[in-house]
Amino acid sequence: MKKLFLAIALSVSTLVLAQSSASLSGRVADERGEPLIGITVVLVEINNGTATDLDGRYELKNFPPGSYTLSVSGIGYTTEEIAVDLPTGKVVQRDVVLKENATLLESVTVTAQTEKARLESTAQAIAVIETKEVKLKSADLGDILAKTEGVNVQRGGGLGSGFRFALNGLSGDQVRFFYDGVPLAFSPYGFGIANVPVNMIDRIEVYKGVVPVQFGADALGGAVNLVPPGLRNGYSGSASYQIGSFGTHRVTGNVNYADAKTGFFVAAGGFFDYTDNNYKIDVAISETREDGTSTGQLQQATIERFHDAYRAYGANLRVGLRDKRWANELSLEGYYGNYENEIQNSQQPGLIDQPTLGISQAVGGSPFGELLFTSYSAGLNLGYNVNLHPKWELDLKAGYNYDERTAIDTSRNLYNWFGEVIRVNNTAGELGLPDHLITKSQSLFARQQLTFRPSEQHAFKLSVAPTRQYRTADDLLIDGPFDPALDDGYLFDLVTGLEYAADLLDGRLQNIAFVKNYRQNIRIESLDPSIDEVLISERAASNYGAGNGLRYDWSYRLSTKLSYEFAYRLPRQDEIFGDGQLIQENLELLPESSHNVNVQASYRSKRTARLDWQIQGNY
């Protein structure tokens, strides 16, 4: 009984102490508004102090209320002493700006870990590509990614053409693409990662095999995240104009403004791409007699492509607030993207190899002279990040996207490879049947991530990422009551992930373990004119996956990583509903699964080496 009374007394005493204590928190920055790390913050009267974290923030709590002197000091900065009154039971917010001490600056040496080094030092199988140097070269994102180990990019032609992206042997929809942590479709660059202007990207994060839970994504081969440039206080911006062969012009520009005092920021960017793509190719054409008739024999000819132009443009505007007590950052972004693509021939035209006729690896088949694909998308994205508590962080991303694609295939003309009309067909359609199809999609995306850090060595993450899509279409050439394109397709994906990360042995050992659930619901509503009823087809699937990432530093110079994931990939919208042209509807398509194992070793130069170098191997 005495022990019970003692426990109750201690609990009551602790509660009373918590209610009668005072707390102080804030942010320390320099005169430009940049956060200062490792600054000493002390309440002089009671000698209670701490140091600022990576965001320049500090927190002092559970001390008697009253009037104190707050001393803020750091190497290279003048010491600030501020009088503060700290009432009972309240957390007082006091931000401090330190001025540089010019007499001490010459003797100060500052070392910091870059974001690239920080990411690559985690247990995740990741490669980070910084674009600072390549922005000065005539290169696009596809060229840069192709130089990364384990990555292969194959293009079907020039700028704007189809491409195949492969990561460690897995390709297509098995790899997911993101822009600042949001699916690439919810950005002005939804038409393909290989055609994104390099000047709009600060760095590229390539996750190999294992996809972190913070993306809320289903993938088998990994993920690629494009990170835009960060915001600086004051005005900043950049612009570029690139001219290339075959009538290629690429223009990009962005301008940003951030106010350190109010936390308000605005960022705007835009791009314009155009190319004729009139490069030369070898083709196999029919040999003709003097009277213009065909002999039936093939001959090889080198011609310029005449119907392969590409045009794309887009813009985005983001406004928000940051460094507030109620939000680390709150932002709203609007964007618009548009592209128009002429189609010269089918994506897989087939190559003809007949050495006896002098034809070697020439493109066969007939060209297209008027086939045209266009698309535009627009949407809004919301971002919100807040520290609910020193140990709890909430990160929310949500977006709405409207996408409209048009395929125009109404020509009756038959073209040869010289761009000449050689015949007028009785029926229209260069691909086969005539088509003027408009496909409309509306998508809603959200990803809520809650992080709990009980200590510096341990962290838990819960990520919930639902996506809702609605798709319908209309073939303008069909006037009757039955148009298969008018089917309504509903797709709901939900990816949930729970992760535990541990840093042990003074940071030499890191382990990340996680589990995921992949859920998909499909519904198609179609009108059957024969019975004048709406037919409904439905299907649902739910699967579980898991994985683990391990990193061990044998020394500063040598480290190894081992990661594994059993993952699922949910079928995409076009795979289920079809695209009305080349992909047929397939409601019964099931999720794919894969076991991914990734081994990586890294060896770097000594800390004191005059030449900084690093060798990495990945399997």
Side-chain angles (χ1 to χ4, degrees), residues 34 114-116 118-119 126-136 139-145 148 176-207 212 214-215 217 223-240 242 250-258 263-273 312-323 328-337 377-385 395-399 401 445 447 449:
E34 298 295 330
T114 65
E115 186 67 11
K116 169 182 169 66
R118 186 191 69 80
L119 289 170
I126 180 177
V128 180
I129 309 167
E130 294 179 327
T131 61
K132 182 178 180 180
E133 294 184 2
V134 297
K135 288 178 180 179
L136 303 176
D140 60 28
L141 213 57
D143 298 330
I144 298 170
L145 287 168
T148 305
R176 296 290 184 237
F177 301 101
F178 299 87
Y179 179 76
D180 201 19
V182 174
L184 190 65
F186 291 81
S187 76
Y189 316 112
F191 44 81
I193 192 171
N195 301 312
V196 176
V198 176
N199 290 303
M200 309 301 286
I201 305 301
D202 185 62
R203 70 176 185 273
I204 309 166
E205 301 167 356
V206 182
Y207 295 86
Q214 67 254 28
F215 290 111
V224 178
N225 184 35
L226 308 180
V227 181
L231 293 171
R232 299 178 181 178
N233 288 322
Y235 289 95
S236 62
S238 65
S240 70
Q242 176 182 326
R250 310 197 73 178
V251 182
T252 63
N254 63 79
V255 60
N256 308 317
Y257 171 75
F264 172 77
F265 66 86
V266 58
F271 71 95
F272 176 80
D273 292 339
Y313 61 89
N316 67 299
L317 175 67
R318 186 164 71 104
V319 296
L321 294 169
R322 59 179 181 173
D323 298 329
N328 298 327
E329 183 174 303
L330 173 65
S331 66
L332 181 65
E333 178 185 33
Y335 61 87
Y336 177 84
S377 67
L380 290 172
N381 290 330
L382 173 69
Y384 180 58
N385 180 274
D395 187 74
L396 169 66
K397 294 183 183 295
N401 174 267
F445 164 80
R447 193 218 62 200
Q449 178 179 291

Do D395 and Q449 meet the criterion of a side-chain donor-acceptor pair at a distance under 3.5 Å?
no
Answer yes or no: is there a donor N or O on one side and an acceptor on the other, between the side chain of N401 and the main chain of F186, under 3.5 Å?
no
When every non-hydrogen atom of G181 is compared with those of F215, the smallest separation belongs to CA-CE2, 4.1 Å
field: Step-by-step side-chain contact (heavy atoms from CB on, under 4.5 Å) determination, E205 to F178
entry: CA-CA 10 Å; E205 301 167 356; F178 299 87; over 6 Å; no
Sequence neighbours excluded, the answer for side-chain hydrogen bond (donor to acceptor under 3.5 Å, both in side chains) partners of N233 is R322
Is it the case that atom CZ in R232 sees more than 12 heavy atoms from other parts of the structure closer than 6.0 Å? no
- Compare all side-chain heavy atoms of Y179 with those of I201 and state whether any distance is below 4.5 angstrom. yes
Heavy-atom closest pair (L321 atom, F264 atom, distance to 0.1 Å) is CD2-CA, 3.6 Å
Distance col, row I204:CD1 vs L145:CG, nearest 0.5 angstrom, shows 4.5 Å
For Q214, is there any backbone N or O sitting under 3.5 Å from a side-chain donor or acceptor partner on R447?
yes
In short, A315 meets P188 closest at the heavy-atom pair O-CG, 3.8 Å
Taking the inter-plane angle between the rings of F271 and Y189 on a 0 to 90° scale, is it parallel (under 30°), tilted (30 to 60°) or perpendicular (over 60°)? tilted
Shortest non-hydrogen pair, N225 vs D180, comes out as OD1-N, 3.3 Å
Non-hydrogen side-chain atoms of V266 and V255 separated by less than 4.5 Å: no
Smallest heavy-atom separation, L231 atom then A267 atom, equals CD2-CB, 4.0 Å
Rounded to the nearest 0.5 angstrom, the CZ-NZ distance for F445 and K397 is 8.5 Å
Rounding to 0.5 Å, atoms CD (E130) and CG (D202) come to a distance of 7.5 Å
Distance col, row R318:CZ vs N381:CG, nearest 0.5 angstrom, shows 10.0 Å
Scanning both residues in full, the closest heavy-atom pair of L382 with S331 reads CD1-O, 3.4 Å
So CG of N328 and CG of D323: to nearest 0.5 Å the spacing works out to 7.5 Å
